Amino acid sequence: MFDTVLIANRGEIALRVMRACRELGLRTVAVYSEADRDAPHVGYADDAYLIGPGPSSESYLHIERIIDVARRSGAGAIHPGYGFLAENSGFARAVADAGLVFVGPPPEAMERVAGKVEARNEAKAANVPVVPGTLEPLKNVAEVLPLAKEYGYPIAIKAVSGGGGRGLRVVWEEDEIQPAFESARREAEISFKSGALYVEKYLSNPRHIEVQVLADAHGNVVFVGERDCSVQRRHQKLIEESPSPAITSELRAEMGDSAVRLAKAVGYVSAGTMEYLFQDGAFYFLEMNTRIQVEHTVTEMVYGIDLVKAQLRIAQGEPLWFTQADLQPHGHAIECRINAEDPLANFRPALGTLGDYQEPAGLGVRVDSGVRPGYTIPQFYDSMLAKLITWGQDRTEAIARMRRALADYRIEGLTTVIPFHRAVMEHPTFIGGEFSVNFIPKHPELIERIALLSETPAETEPAEDSGEPRFFAVEVNGRRFNVRLAQVGGAGATAPNEQAGKPRAATRKGKSKAKATPQDANGVICPLQGVVAAIRTEAGQQVEAGQVLFVVEAMKMENEITAPRAGKISDIRVQVGASIEAGTLLAKYAE
Ligand code: MV4
């Protein structure tokens, strides 16, 4: 059928799909934007084509260019990955119309579950439990009150074309109906170009459980277990695991059978995921994702199936080579998404250039990453650098292994969410498996632990005379010691509120030192978006490495931008009060 696959994606998923292709003896073709010219997925492919400048909106979404590259490169199939065009039935159609194979579901099946209300109707028809609610879009706000009386408060007003929480409003009492309806409609019109809304009974403390399905082109459909994706922030998943600590084998069979019924009902082919809410022992269908998902990895670790290779083999016309009875979970897997975000600054993106980068390894540790040392994270795309997955004989071992792997993960030059994950992996509620989608908002105490775990002395070695404690590894009489060296006596030796022996949190109180300003050999680059609050240098000044030159305000925090190296400042490129993007050149060095 085809011997070459074009991967219409970037980052870790592009590399991941390419590995599956290689293992099947298929050639790979990468596409890339100018911002991704040096990206790892480009170098790994057998062939690579530039598809345009700048941000993803002009590149990885350009259907005609992608199909043109497929033709020119001899690709017989296109794998969309996730995001971008993965759930775009127009793209699937265009690929098929070009005589190429789309590695994914038929466009008709995509379209039957694309809208949230259509999906609910298909689920109901397939005897899949859905959240109590309307099966048609609302005609006007007047319809909401009787529905609220029927379901009881709280209710959820949702966008028909919605997803990811956009257009979702929760109404707890009658006088909130009107404003919530108008706000949901406005957001839906802006986000989805359709203000159509519907109503459901709101489940206030659910888990987010999803079921993986695999369907071949010969009518065979199986489910491949479930994933618990409840640890998320603002509808962005951060930690996923399989199996769910809340799902018994009986529930697993019930949910899996319902997912298979729905997949069959809509003529699904390839890998797909049914999302459910689970509360008080009952599950309710929410929506279907017609693509491979970021978190497919935990399913693969527990069931021993390469889901992307399965997609490729299905696309080649192969029947499934296993039955439902063959699919038994073995052990437990957890995935932590490694995002370049600052968990102490509201998870704001903290992009920049990677310095030292060492991935954890060992039995039961998998890292799917799209970066390498020295790589600059383009500001145009999402902040996920990698996914860290651990497998254990049971959940306890998977958690212990994740703790060890997170502690081993070395990422210099960027702030990441690793301290957040380390804090969660030691939190009793998470360890006890008793958590819902409200886990993060319910545990604000995580922040304190994250702050402590954010201390990485080796990475932020303070200057000699800073008064900050310095850390060394020393060998005494053949024995190695890690010692903390603080200035003895004199100003700044210990802050009045510092507990003896505990490293002082790096200037976090209202100030943060940008971990490492992205390097420009001849200038000072701002690593974040914000407003220039202060300029502490001038043209002609000789500055030292680490000296604070600028203060940039972002997300109500003052961020000190330091000199990446010693040298003479030739000119200042910004003024106080200027709004700047991440990557802005603030000053140039003379030489
Ligand atoms: C819900 C719900 C509770 N009740 N619908 C979130 C976005 C999209 N995946 C659907 N989502 C939800 N729909 C009803 N009727 C809970 C969620 C939900 C959620 C809601 C608020 C905060 C975080 C959440 C994470 C996952 C799911």
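These figures come from a predicted structure and were not determined experimentally. Read the numbers this way: they start at 1 and go in the same order the structure lists the ligands and their atoms. Only this structure's heavy atoms are used, side chains among them; waters, hydrogens and symmetry mates stay out.
In terms of protein heavy atoms, atom 7 (C) of ligand 1 is closest to G165 N, 3.3 Å. Here the heavy atom of the protein found nearest to atom 19 (C) of ligand 1 is H235 CE1, 3.7 Å. At the top of the distance list for atom 5 (N) of ligand 1, counting protein heavy atoms only, stands K158 NZ, 2.9 Å. For atom 9 (N) of ligand 1, the nearest non-hydrogen atom of the protein is E287 OE1, 3.5 Å. Regarding atom 4 (N) of ligand 1, its nearest protein heavy-atom neighbour is L203 N, 2.9 Å. Considering only non-hydrogen protein atoms, atom 17 (C) of ligand 1 sits nearest to L277 CD2, 4.1 Å. In terms of protein heavy atoms, atom 26 (C) of ligand 1 is closest to H208 ND1, 3.1 Å.
Ionic pairing of E210 and K237 is present here: one or more N-O contacts between side-chain nitrogen and carboxylate oxygen are shorter than 4.0 angstrom. A salt bridge links E111 with R93; the closest basic N to acidic carboxylate O contact falls under 4.0 Å. Under a 4.0 Å N-O distance rule, the pair E241/R227 does not qualify as a salt bridge.
Aromatic rings of F347 and F420 (six-membered ring for Trp) have centroids within the 6.0 Å cut-off, being under it.
Atoms of ligand 1 found under 4.0 Å from any heavy atom of V131, numbered from 1 in the order shown, are 15 (N).
With a 4.5 Å cut-off on side-chain heavy atoms, F283 and I247 do not count as touching.
Under the 30°/60° scheme for interplanar angles, the aromatic rings of F435 and F439 are found to stand perpendicular.
A cation-pi arrangement is present between R395 and F430 under the rule of less than 6.0 angstrom and at most 45 degrees off the ring axis.
Polar contact check, E200 against ligand 1: a nitrogen or oxygen pair lies under 3.5 Å apart. In terms of polar-atom proximity, defined here as any N/O pair under 3.5 Å, K201 does make such a contact with ligand 1.
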